[in-house]
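Reviewing the structure listed below.
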Amino acid sequence: MAFTGVYVVSDIEFKIGTKGRASEEQDMATIAEVETFGIKIDGKLQDWTSMTSEGWGNNLMTGKSVTFSIKGKRCVGDSGNDYIAATAWKNGLDCNSKVAIVFPSGTKIEFDCVVDVKSIGGDDSTKVAPLECDLKSCGKPKISKVTSKEVSGSH
């Protein structure tokens, strides 16, 4: 039976490649202690106003990029969390990886990304150390459907 209805964000499954862009299926790991997961799609529009449009503008979507923002706690010893934390001190291609995300509907998005760590380890003395990053797309994502048996958290 196909998924219908609303779902909680915690039902979204996502994994990061712990061996960068060379990651294979066995190298994909969840990131422990994630609290928020945001998705931002940035559309690139070309707009113009032709002489025959009587002043009305036209638009065409000419490109897109996607950013997945993750906020959580630093969890030493978790392979996904450790991988994200380690990229904080790297540059260039060493910050590249792969992401796989499965939504409760069965939609699976896979793409190469750049890991852009925003916060690691510092805050008030009474708080748990944070880990925050953006996973920015590199190229067009692969979008597919998985069966409900492949979605481990499906209801």
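All values derive from a computational prediction rather than experimental measurement.
You'll find the ring centres of Phe103 and Phe14 outside the 6.0 Å limit.
Looking only at side-chain heavy atoms (C-beta outward), Trp48 and Asn59 stay at 4.5 Å or farther from each other. At a threshold of 4.5 Å between non-hydrogen side-chain atoms, the residues Ile31 and Ile70 count as touching. Inter-residue side-chain proximity for Lys145 and Ser105 is flagged as met; some heavy-atom pair is nearer than 4.5 Å. Side-chain contact check for Thr49 versus Trp56: every heavy-atom pair is 4.5 Å or farther apart. Contact of the Ile84 side chain with the Val115 side chain is registered, since non-hydrogen atoms from C-beta on lie closer than 4.5 Å. The side-chain heavy atoms of Pro130 and Lys118, taken from C-beta on, include no pair separated by under 4.5 Å. With contacts defined as side-chain heavy-atom distances shorter than 4.5 Å, the pair Cys138/Val114 qualifies. Contact check for Arg74 versus Val76: side-chain heavy atoms found under the 4.5 Å cut-off.
The two residues Arg21 and Ser97 make their nearest non-hydrogen contact at NE-O, 3.5 Å. Taking both residues in full, the closest heavy atoms of Lys108 and Ala100 are given as CE-CB, 4.4 Å, listed atom of the first, atom of the second, then distance. Nearest heavy-atom pair across Thr18 and Ser23 is N-OG, 3.4 Å. Across every non-hydrogen atom of Lys44 and Ser65, the tightest pair is NZ-OG, 4.0 Å.
Atom CD1 of Ile39 and atom CD1 of Ile12 lie 5.0 Å apart (nearest 0.5 Å). Of the inter-residue distances, the one linking Cys113 atom SG with Leu135 atom CG reads 5.0 Å to the nearest 0.5 angstrom. Distance check: Lys71 NZ to Leu131 CG gives 12.0 Å after rounding to the nearest 0.5 Å. Here the NZ-OG1 distance, from Lys136 to Thr67, works out to 4.0 Å after rounding to the nearest 0.5 Å.
By the 6.0 Å contact criterion, CH2 on Trp89 is open, its count of non-hydrogen atoms from other residues, nucleotides or ligands being 12 or less. Annotation: Ile143, atom CD1; neighbour count of heavy atoms from other residues, nucleotides and ligands within 6.0 Å is above 12. Environment of CD in Gln26: crowded, with over 12 heavy atoms of neighbouring residues, nucleotides or ligands closer than 6.0 Å. Atom CG of Leu45 has more than 12 neighbouring heavy atoms from other residues, nucleotides or ligands inside a 6.0 Å radius.
Phe37 and Met28 fall into different hydrophobic clusters, where Ile, Leu, Val, Met, Phe, Trp and Tyr are joined by side-chain heavy atoms under 4.5 Å apart, directly or via other members. Val117 and Ile16 fall within the same hydrophobic cluster, defined by Ile, Leu, Val, Met, Phe, Trp and Tyr side-chain heavy atoms under 4.5 Å apart, directly or through other members. Under the 4.5 Å side-chain heavy-atom criterion for ILVMFWY residues, a single connected hydrophobic cluster contains both Ile109 and Val66. One hydrophobic cluster, built from ILVMFWY side chains closer than 4.5 Å, holds both Val9 and Ile41.
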Intermediate values then yes/no, side chain to side chain contact (heavy atoms under 4.5 Å, CB included), Cys95 and Asp116: CA-CA 7 Å; Cys95 294; Asp116 183 11; over 6 Å; no
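Looking at Ser69 and Asp134, their side chains do bring a donor and an acceptor atom within 3.5 Å of each other.
Distance alone, capped at 3.5 Å, is enough to place a donor-acceptor pair between the Asp78 side chain and the Ala32 backbone.
The ring-ring contact (aromatic ring centres under 6.0 Å, His included) check on Tyr83 picks up nothing, with sequence neighbours excluded.
A salt bridge does not link Asp112 to Lys98: none of the charged side-chain nitrogens sits closer than 4.0 Å to a carboxylate oxygen. Between Lys15 and Asp27, none of the side-chain N atoms (NZ, or NE/NH1/NH2) sits under 4.0 Å from a carboxylate O, so this pair counts as no salt bridge. A salt bridge between Lys73 and Glu35 is present, with a side-chain N of the basic residue lying under 4.0 Å from a carboxylate O of the acidic one. Electrostatic pairing of Asp42 and Lys40 does not count as a salt bridge here, judged by no charged N lying under 4.0 Å from a carboxylate O.
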